[in-house]
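What follows is one structure encoded as structure tokens, with my remarks underneath.
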There are 2 protein chains.
Amino acid sequence: MKSASPQHVFRALADPTRRAIFEELTRQGEQTVHALTSFAGVSQPAVSKHLTVLKKARLVRHRRAGRETHYRAQPEALAPMADWLRAYSTFWRERFDRLEALLDGMEP
Amino acid sequence: MKSASPQHVFRALADPTRRAIFEELTRQGEQTVHALTSFAGVSQPAVSKHLTVLKKARLVRHRRAGRETHYRAQPEALAPMADWLRAYSTFWRERFDRLEALLDGMEP
DNA sequence: ACAACTCATAACCAAATGGTGATGATTCCG
DNA sequence: CGGAATCATCACCATTTGGTTATGAGTTGT
């Protein structure tokens with residue numbers, strides 16, 4: 001499961017429409033472009049373009065079925081962003097350090 | 001410690017130069033605009049504009065000291081992004097659930 | 001006092017971005 | 001078969017974005 005560059009992921013999720021599409025796919029599961037279009041409130045070409053950007057970030061996969069294309073979220077692709085967060089948020093890191101300590105066998 | 005909107009945070013961190021500035025402030029601590037300018041490789045006004053964006057996302061704070069302005073990272077402001085990640089990454093959630101479980105199990 | 005320094009803001013510009021309607025390739029169905 | 005449906009791509013447009021240089025306000029050291 002190769003990841004896209006962090007830049008692609010950060011960029012892709014910076015747009016609210018794109019984030020909404022990704023959230024919808026995460027919550028509701030696989031959706032056609034048609035369904036996503038009526039959900040997103042923008043034109044079908046706009047949705048297709050957003051899906052292309054999400055695809056480049058590997059945040060979604062697609063599956064052709066007849067004339068429909070079904071998209072589904074690929075949350076593992078959030079890993080680069082999660083890794084970045086863990087590295088640069090001391091706030092966040094503390095919680096992980098506690099986990100590490102626990103797992104390592106509670107060294108005094 | 002009120003947080004900015006997730007949108008502000010996502011937007012602010014989508015730009016690589018801005019992310020680099022934030023990373024630098026996190027790693028090296030407080031820095032003047034001058035220092036950040038020589039680090040970032042863009043003009044001083046560009047740095048100032050980036051800092052304004054980061055400030056609106058509450059990712060940095062500033063402190064005036066004479067003619068210098070010192071900026072420092074405010075990693076707690078990453079919370080909206082971290083919350084979002086936790087909510088929409090099943091991958092991530094699993095690791096968290098394991099942490100929660102561990103902590104809860106050792107509670108008595 | 002004044003020259004140098006630090007920084008924010010203004011004015012401007014090219015490129016990227018997010019949107020649109022039009023079109024065409026496929027696919028499905030009556 | 002032929003019309004309707006689904007979707008990607010094209011051509012285009014307005015706005016935003018990230019950068020620049022110029023400038024001005026405040027601060028410091030000589």
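In what follows, chains are A, B, ... by sequence order, proteins preceding strands, each numbered from 1.
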Using every non-hydrogen atom in the two residues, find where [X] and [Y] come nearest and quote the distance to one decimal.
{"X": "A:Ser3", "Y": "A:Pro80", "answer": "CB-CG, 3.8 Å"}
{"X": "B:Arg11", "Y": "B:Arg18", "answer": "O-NH2, 3.3 Å"}
{"X": "B:Ala57", "Y": "B:Ala4", "answer": "O-CB, 3.4 Å"}

Calculate the interatomic distance between [X] atom [atom1] and [N] atom [atom2]; express it in whole Å.
{"X": "B:His8", "N": "D:dT17", "atom1": "NE2", "atom2": "C1'", "result": "15 Å"}
{"X": "A:Glu68", "N": "D:dA5", "atom1": "CD", "atom2": "C1'", "result": "9 Å"}
{"X": "B:Arg11", "N": "D:dG18", "atom1": "CZ", "atom2": "P", "result": "8 Å"}
{"X": "A:Ile21", "N": "D:dC7", "atom1": "CD1", "atom2": "C1'", "result": "14 Å"}
{"X": "A:Leu13", "N": "C:dT17", "atom1": "CG", "atom2": "C1'", "result": "16 Å"}
{"X": "A:Arg67", "N": "D:dT6", "atom1": "CZ", "atom2": "C1'", "result": "6 Å"}
{"X": "B:Phe10", "N": "C:dT17", "atom1": "CZ", "atom2": "P", "result": "18 Å"}
{"X": "A:Leu51", "N": "D:dT6", "atom1": "CG", "atom2": "P", "result": "16 Å"}

Near-strand residues of residues 56-65 of chain B, defined as heavy-atom separation under 4.0 angstrom from DNA chain C:
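Residues of residues 56-65 of chain B that come under 4.0 Å of DNA chain C do not exist, since none gets that close.
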Among residues 29-50 of chain A, which contact DNA chain C at a heavy-atom distance under 4.0 Å?
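The stretch gives A:Val42, A:Ser43, A:Pro45, A:Ala46, A:Lys49, A:His50 as the residues lying under 4.0 Å from the strand, ordered by number.
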A:His34, NE2: over 12 other non-hydrogen atoms inside 6.0 angstrom
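Not buried by this count: 12 neighbours or fewer within 6.0 Å.
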Other residues, nucleotides and ligands only: do more than 12 of their heavy atoms fall within 6.0 Å of NZ on B:Lys56?
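Open.
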Gap between atom CG of A:Leu85 and atom CH2 of B:Trp84 - 0.5 Å precision:
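It is 11.0 Å, given to the nearest 0.5 Å.
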Out of curiosity, B:Leu59 CG to B:Leu13 CG, how far, rounded to the nearest 0.5 Å?
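Nearest 0.5 Å value for the CG-CG distance: 5.0 Å.
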Criterion side-chain hydrogen bond (donor to acceptor under 3.5 Å, both in side chains) against B:Glu30, the qualifying member of B:His62, B:Arg72, B:Arg61, B:Arg63:
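Checked B:His62, B:Arg72, B:Arg61, B:Arg63 against B:Glu30; only one passes side-chain hydrogen bond (donor to acceptor under 3.5 Å, both in side chains): B:Arg63.
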Between A:Tyr88 and B:Arg27, do the side chains contain an N or O donor and an N or O acceptor separated by less than 3.5 Å?
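Per modelled atom types, A:Tyr88 and B:Arg27 side chains form a pair under 3.5 Å.
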Are B:Tyr71 and B:Val42 linked, directly or through intermediate hydrophobic residues, by side-chain heavy-atom contacts shorter than 4.5 Å (ILVMFWY only)?
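Per the 4.5 Å side-chain linkage, B:Val42 and B:Tyr71 are co-clustered.
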By the 4.0 Å heavy-atom rule, please label B:Thr17 as base, sugar-phosphate, or nothing.
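It contacts sugar-phosphate atoms only.
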Over its full length, what angle do the end axes of the helix from C:dA1-D:dT30 to C:dG30-D:dC1 make, each axis taken from five pairs and the result rounded to 10 degrees?
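Both end axes considered, the difference amounts to 20°.
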Between B:Tyr71 and C:dT6, is there a contact of a side-chain N or O with OP1 or OP2 at under 4.0 Å?
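Answer is no, no contact under 4.0 Å.
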When you look at A:Val33 and A:Ser48, which way does the side-chain contact (heavy atoms from CB on, under 4.5 Å) test go after all the steps?
CA-CA 7 Å; A:Val33 175; A:Ser48 277; 4.2 Å; yes
